[in-house]
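One-based numbering, in listed order, for ligands and for the atoms of each.
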Amino acid sequence: MKLSIIGTGYVGLTTGACFAEVGHEVTCVDNNEEKVKTLLEGKIPIFEPGLEDLVKRNVAAGRLKFTTSTADGVRDGDVVFIAVPTPPQPDGSVDLSFIEKVAREIAESLKPEYGFRVIVDKSTVPVKTGSKVEETVRRYAPEGVEFSVASNPEFLREGCAVDDLLNPDRVVFGVNNDAAADMMRRIYDPFNAPVLVTDIESAELIKHAANSFLALKISYINAVARVCEKSGADIEKVAEGIGMDARIGRQFLNAGLGYGGSCFPKDVKAFINISESLGYPFELLKQVESINEDQRSLFLSRIREKLWVLQEKKIALWGLAFKQNTDDVRESVAIKLANDMMAEGADLTGWDPQGMETAKRFGNLHESFTYGEDMYACLDGAEALVIGTEWPEFANADLEEIKKRMRTPLIFDGRNLYDPEVMAAHGIEYHSIGRASV
Ligand SMILES: NC(=O)C1=CN([C@@H]2O[C@H](COP(=O)(O)OP(=O)(O)OC[C@H]3O[C@@H](n4cnc5c(N)ncnc54)[C@H](O)[C@@H]3O)[C@@H](O)[C@H]2O)C=CC1
Ligand SMILES: O=C(O)[C@H]1O[C@H](OP(=O)(O)OP(=O)(O)OC[C@H]2O[C@@H](n3ccc(=O)[nH]c3=O)[C@H](O)[C@@H]2O)[C@H](O)[C@@H](O)[C@@H]1O
């Protein structure tokens, strides 16, 4: 089928490449000229495992192209997806101005001779946004155009987006007529995934409810970790024991510094705001947020307890990205923690396998932050190593090298990457989350 995607960011680009991979003809549109130029030169503006090959292969096969023109996208796609940002506003509500603008641009590009078009929202939006999009397109489109609006929330995770898209747990789309449902089915047929078709409002709500539930699972295990710390139980064993129940599952029960990234923090906030505006104050989710915030400050107080005063203390930080396998530093808890420590005068040197450049450009790190030469170089002379991101490189680090480089072998692990017994055997003082320190 002929598809277009307006917005070629994490979601738009990976979705476009995966749609092309299964045989669709895809036009990716972005109004950021530099981004489109980069893509036209055969380069990928983000780090996402497997994406570069996928894009190159499908561009070469003529199934994937890039443009800055929404009008071309609307002309070339029988189905036009919207994948633009939906950032939070200071009060937690969602800024829908990008969606509104794209809806207008699509409307103004529609022509009666194009025939029936489906306009699908893939961005994460508050329930009832679909009807606003429909109203807007109807207002700005010329007489005689035929279209329908649909919702198709995206569940990919950064760092494994290609695999998530090619092998989804489920595909959800919300439609309000059979013609749109039929086209959406045809798009997803090649993926052989379970499909749930709903009304538009339910599809929109599924996305916020799913992300909030995953965030809730993380805050739950972090709260249990606090009880473990106070009782001498081990959170890793507790999580394993809970997760072996198929009704609960082990995934998203990793205790740590809390969730970050461009989605969970904003989507939990948005869901609280949406529920409140509909008349339901979602107290449970407010707790999820506050447990998440406290994880970082509790961890900082443990560092402070040990180092006494952070002023002038040389601290190494492993991890800047908000999670492993990505260069994305948006809402990174590791960076927030680094800034907290530097605000108290600590001398921070950090390193990340993929996030160094993005951190320099978008990380808003305190000006005193030093970017390390490599993973081990930033340990030279450090009094403590803080681990902020769950990269496998850190989990597999050479412990003797750590010990040799540091002034004092002391690790604060915010992602529980190591076995405390192994640390003790190497003579490294080790503090982690929800487990006894050694
Ligand atoms: N990043 C993720 O892992 C996921 C994000 N989402 C949701 O998908 C949406 C997009 O998120 P990302 O892809 O991360 O954002 P992003 O910021 O990486 O990409 C958005 C792109 O839209 C472009 N854009 C903005 N206005 C435009 C316009 N008028 N015309 C053409 N292009 C325009 C921007 O230049 C940018 O390249 C958000 O609602 C987000 O919540 C959903 C699932 C996963
Ligand atoms: O809407 C979105 O954008 C996406 O948000 C998340 O994906 P993502 O933010 O890419 O990454 P996750 O793997 O979910 O991790 C989010 C944060 O939670 C943290 N986390 C995750 C799992 C865990 O057990 N513990 C934990 O602290 C990670 O370190 C990270 O900071 C969801 O997992 C996706 O399904 C969803 O599509």
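The nearest heavy-atom contact from the protein to atom 18 (O) of ligand 1 is Tyr10 N, 3.1 Å. When only non-hydrogen protein atoms are considered, atom 9 (C) of ligand 1 lies nearest to Val84 O, 3.4 Å. Among protein heavy atoms, the minimum distance from atom 32 (N) of ligand 1 is reached at Asn31 N, 3.3 Å. Counting only heavy atoms of the protein, atom 1 (N) of ligand 1 lies nearest to Glu158 OE2, 2.8 Å. Scanning the protein heavy atoms around atom 35 (O) of ligand 1, the nearest turns out to be Asp30 OD1, 2.6 Å.
What you find for Arg63 and Ala20 is that their closest heavy atoms are NE-O, 2.8 Å.
Proximity to Glu158 (heavy-atom distance under 4.0 Å) selects the following atoms of ligand 2: 10 (O). Of all atoms in ligand 2, numbered sequentially from 1 with element shown, those under 4.0 Å from a heavy atom of Glu154 are 37 (O). Counting the atoms of ligand 2 from 1 in the order shown, those under 4.0 Å from a heavy atom of Lys207 are 1 (O), 2 (C), 36 (C), 37 (O). Under a 4.0 Å criterion applied to the non-hydrogen atoms of Glu390, ligand 2 contributes the atoms 28 (C), 29 (O). Contact atoms of ligand 2 toward Cys263: 1 (O), 2 (C), 3 (O), 5 (O) (distance under 4.0 Å to a heavy atom of the residue).
Asn192 meets the side-chain hydrogen bond (donor to acceptor under 3.5 Å, both in side chains) test with no other residue; sequence neighbours excluded. A search for side chain to side chain contact (heavy atoms under 4.5 Å, CB included) contacts involving Leu196 returns Val172, Thr198, Ile206, not counting sequence neighbours.
Heavy atoms of Ile218 found under 4.0 angstrom from ligand 2 belong exclusively to the side chain. Using a 4.0 Å cut-off between heavy atoms, Arg415 contacts ligand 2 through its side chain alone, with no backbone atom that close. The backbone of Leu253, and not its side chain, has at least one atom closer than 4.0 Å to an atom of ligand 2 (non-hydrogen atoms only; backbone = N, CA, C, O).
The aromatic rings of Phe19 and His24 stand perpendicular to each other, their planes meeting at an angle above 60°, with 30° marking the opposite boundary.
Trp351 and Asp374 share no side-chain donor-acceptor pair at under 3.5 Å.
When the options Pro85, Ala83, Pro88 are ranked by their closest heavy atom to atom 25 (C) of ligand 1, first place goes to Pro85.
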